[in-house]
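Worksheet: one structure, shown below.
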Number of protein chains: 2
Amino acid sequence: MEKKPVTIKEIARRLNISVSAVSKALHDDPSIGLRTRMRVKAMAEELKYEPNQTAIFLQKGRTNTIGVIVPSLVESFFPQVISGIEEVANKHNYVVLLGQSMEDPEREQMLLETMKKHRVDGILISISKNTFQYDHLRKVKESIPLVFFDRIPDMKEIHYVACNLVSGTVQAMNYLLQQKHRVIGMVNGPEKLFSSRERLEGFRQALSKSRLKYDPSLVVNSDLSKESVIQAVKELLANKRKPTALIAFHDNAAIEIIEYLKSIRKDKSIPVVSFANLPMSSHTMFKPAASVEQYPYLQGQKAMEVLIDVLNNKETDQGANTAFYKIILDSRLVLLK
Amino acid sequence: MEKKPVTIKEIARRLNISVSAVSKALHDDPSIGLRTRMRVKAMAEELKYEPNQTAIFLQKGRTNTIGVIVPSLVESFFPQVISGIEEVANKHNYVVLLGQSMEDPEREQMLLETMKKHRVDGILISISKNTFQYDHLRKVKESIPLVFFDRIPDMKEIHYVACNLVSGTVQAMNYLLQQKHRVIGMVNGPEKLFSSRERLEGFRQALSKSRLKYDPSLVVNSDLSKESVIQAVKELLANKRKPTALIAFHDNAAIEIIEYLKSIRKDKSIPVVSFANLPMSSHTMFKPAASVEQYPYLQGQKAMEVLIDVLNNKETDQGANTAFYKIILDSRLVLLK
DNA sequence: TTGAAAGCGCTACCAG
DNA sequence: CTGGTAGCGCTTTCAA
């Protein structure tokens, strides 16, 4: 099941020419005579020669490999992002090294280091929801181009692509406000998460545009576990101003919330709007009334494009590059039939 | 954002010793005096030396990287397999190069070749549902250890791990037979798919054990697209012996089927049993009555373990290894509440 | 038009 | 205990 691979040297030996000639011939270097070029190609073909990439990697100092770190593939948002990444990566001759952090900052750090060791040319990462300390990210950023997507750390001087959740949240709020809801509650994510803060910002903006006042007790943070989400709902329902509509952090949370509301027979009265992390085609029971689409596939494509750009500029520029990509896609509220 | 990396040679130069001494010191080679070993380590630390894996890869002839090819990450079965793979891969210091074939045999071939170029140590693959021609697989198998999982090609002399779908199908049938169904229809997958044939086999075995005769017109193949699945259902319902229960190829198909049956108001009368490819926790409307669990995570773990074994034996054995792993996990029918 | 040689960074073998 | 030295397979000047 294994054969010793043919090398350029072997071809040279058989043809009684030098390795450098072979190398050049294989690359169609004009300085090599057509005749020998042909002979080399023929021999390469015959011997089924395949260049040893690892040697080329060493020589070129690049691996044509990019690392992708996601919190978890189980959240179906990320497979879609990865598909987008893969599409443009392959088109540009890059290959994808995958790692799941499992929402564990230590694993995240370990993955970053492993990928660095493997000399990936760049890394695309969506940080774990428990990552609040960014030293490991900063450290890696010193030596490898990093592009963040979807879950962005609160750092300066980084490249990232994400959805504009502020406007998404505003849209979600407006939808509910239009339906005459005046007391809207929000089950948010971890307080330190960038995207949680964006949601909060949208929440406040929408209220102020409608000349309603912001009541902090109507926004409850959760760690997105089922228990914590339901706990948050309980708190909201116990509020003196009881909300008549809810905004959930994402579809998974929304589903838990709706299931819970149904179980306590509040389903009819309280619509829930959320942020998409599921392919909403799936015929879910406990479906939210509307969801903010975040275009995972597009995010993946964009992130990879950014990385490729950074990689290309790195070759050209000498060091001190101070331009950082901040690509912000517009999210869009989708009503679910 | 980029620094020129420290090499072993640099450390040697600064310490006025040889590179080989440094290399050995770093590896705690006992032949190096404690004193110099310490000095080397200290210097390495100070300079933040990190070994260049690509050089080591070239030298060692292995990359500690394994390729994983799945049809698509969107089918949530595969992310779970990958998680299993990743778990044991990381434990053994391997890293995962990912590729999605998108059910396209040409892309599948392209991915195999790319991974081969990148000199992965081995490949885990679940073939696309349109792959009926195995030349590309055979070719790669010549030079790189291949382990198949879940979707197995009809080839000799391969390693694979899969679920025993025959017994799973028998269980599913028995479940329906116990409920006094005597005319059971099956919406199967592509005829050439190994797993389709296993389902068919289970279908027939169950019937014969119950002393019922097998009626070929009650099994209809589909390509698993929504249209094709619904077409299959229509055919079955139009059969002279109209089935009173159905077995679907997998949950996705089951959902389409149930949705269709509801739309034509047959829902109550026809239970549907399927094979799990969804995390069934998801609160689906149109849920099948029962589903055959296929343990994706476990399959991933086992497949990776097999590969590691093959890899280790390869080092030891000289060529002619004739033992092939065929790991068959038992599937189990799970009733959905 | 071709070849020799240096070197990418590291390991390993063999003398001292 | 330590240091040359010879590669791993390939690219790339620089001479010839």
Side-chain angles (χ1 to χ4, degrees), chain A residues 2-41 43-44 47-65 116-121 143-144 315, chain B residues 2-41 43-44 47-65 93 116-121 143 315:
Chain A
E2 190 74 2
K3 296 179 179 173
K4 71 272 165 201
V6 185
T7 75
I8 217 174
K9 179 189 284 180
E10 172 69 6
I11 298 181
R13 199 181 56 73
R14 298 218 188 189
L15 258 34
N16 258 316
I17 59 179
S18 74
V19 290
S20 46
V22 175
S23 174
K24 284 174 196 153
L26 256 15
H27 288 93
D28 285 316
D29 187 310
S31 79
I32 294 291
L34 184 59
R35 207 184 113 64
T36 38
R37 209 187 304 177
M38 302 280 275
R39 295 199 333 156
V40 169
K41 295 246 176 127
M43 182 59 83
L47 265 39
K48 294 190 181 312
Y49 165 76
E50 303 220 32
N52 183 336
Q53 290 288 352
T54 62
I56 299 178
F57 293 157
L58 172 59
Q59 217 282 140
K60 292 266 172 79
R62 4 177 293 133
T63 58
N64 273 23
T65 304
K116 185 175 173 190
K117 279 203 200 120
H118 278 250
R119 286 295 201 269
V120 295
D121 294 336
S143 51
I144 304 179
E315 288 178 359
Chain B
E2 192 74 1
K3 294 178 180 175
K4 72 268 163 210
V6 185
T7 73
I8 218 174
K9 179 189 287 181
E10 172 70 7
I11 297 181
R13 199 182 56 73
R14 299 218 190 190
L15 257 35
N16 258 317
I17 58 177
S18 73
V19 289
S20 45
V22 176
S23 173
K24 284 176 198 149
L26 256 16
H27 288 94
D28 285 317
D29 187 310
S31 78
I32 293 292
L34 184 59
R35 206 182 114 64
T36 36
R37 210 187 303 179
M38 302 280 274
R39 295 198 337 157
V40 169
K41 295 243 175 129
M43 182 60 80
L47 266 36
K48 294 191 183 311
Y49 164 76
E50 303 222 32
N52 183 336
Q53 290 287 352
T54 63
I56 299 179
F57 294 157
L58 173 59
Q59 215 285 137
K60 293 264 175 81
R62 0 176 300 133
T63 56
N64 274 12
T65 303
N93 241 283
K116 185 176 172 187
K117 279 202 198 118
H118 277 251
R119 287 294 201 269
V120 295
D121 295 336
S143 50
E315 287 177 358

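In what follows, every chain begins at residue 1, and chains take the letters A, B, ... in the order their sequences are listed. Note: hydrogens, waters and symmetry copies are ignored here, and every other heavy atom, side chains too, is used.
Closest of all the heavy-atom pairs between B:I56 and B:P51 is CD1-CB, 4.1 Å. Here the shortest heavy-atom pairing between B:T63 and A:T54 reads CG2-CG2, 3.7 Å. When all heavy atoms are compared, the tightest approach of B:V40 to B:L26 is CG1-CD1, 3.5 Å. For the pair A:V6 and A:Y49, the tightest heavy-atom approach, listed with the atom from each and the gap, is O-CD1, 3.4 Å.
B:N64 is not listed as a side-chain neighbour of B:Q53, based on a closest heavy-atom distance of 4.5 Å or more. Between A:T65 and B:H118 there is a side-chain heavy-atom pair separated by less than 4.5 Å. In this structure, A:L15 and A:V22 have side chains that are not in contact, with every pair of non-hydrogen atoms separated by 4.5 Å or more. Side chains of B:E10 and B:L47 form a contact here, defined as non-hydrogen atoms less than 4.5 Å apart. Between B:K41 and B:D28 there is a side-chain heavy-atom pair separated by less than 4.5 Å. A:N52 has its side chain within reach of B:R119: a pair of non-hydrogen atoms, C-beta onward, lies under 4.5 Å apart.
Listed for the A:R37 side chain is a donor-acceptor partner under 3.5 Å among the backbone atoms of A:I32.
One interatomic measurement links the two molecules: CZ of A:F57 to C1' of C:dC10, which rounds to 17 Å at whole-angstrom precision. Between A:R62 atom CZ and C:dC8 atom P there is a gap of 18 Å when expressed in whole angstrom units.
Within residues 21-36 of chain A, the residues approaching DNA chain D are A:S23, A:K24, A:H27, by heavy-atom distance under 4.0 Å. Looking at residues 7-17 of chain A, you'll see A:T7, A:I8, A:K9 sit with a heavy atom under 4.0 Å from some atom of DNA chain D.
Taking the salt bridge (Lys or Arg N to Asp or Glu O under 4.0 Å) definition, one finds that B:K116 meets it with A:E50, sequence neighbours left out. Taking A:R39 as the reference, nothing meets the salt bridge (Lys or Arg N to Asp or Glu O under 4.0 Å) condition, with sequence neighbours excluded.
Using five terminal pairs a side, the axes of the helix from C:dT1-D:dA16 to C:dG16-D:dC1 at its two ends make an angle of 50°, given in steps of 10 degrees.
Running 5' to 3' along DNA chain D, contacts with non-hydrogen atoms of chain A at under 4.0 Å begin and end at D:dC8 to D:dT13.
Within 4.0 Å (heavy atoms only), A:I56 reaches sugar-phosphate atoms of the nucleic acid but no base atom.
Sequence order on DNA chain D of the closest nucleotides to B:S20 and A:N52 puts B:S20 first from the 5' end.
If you check distances only, the side chain of A:S18 never reaches the base of C:dA4 with a donor-acceptor pair under 3.5 Å.
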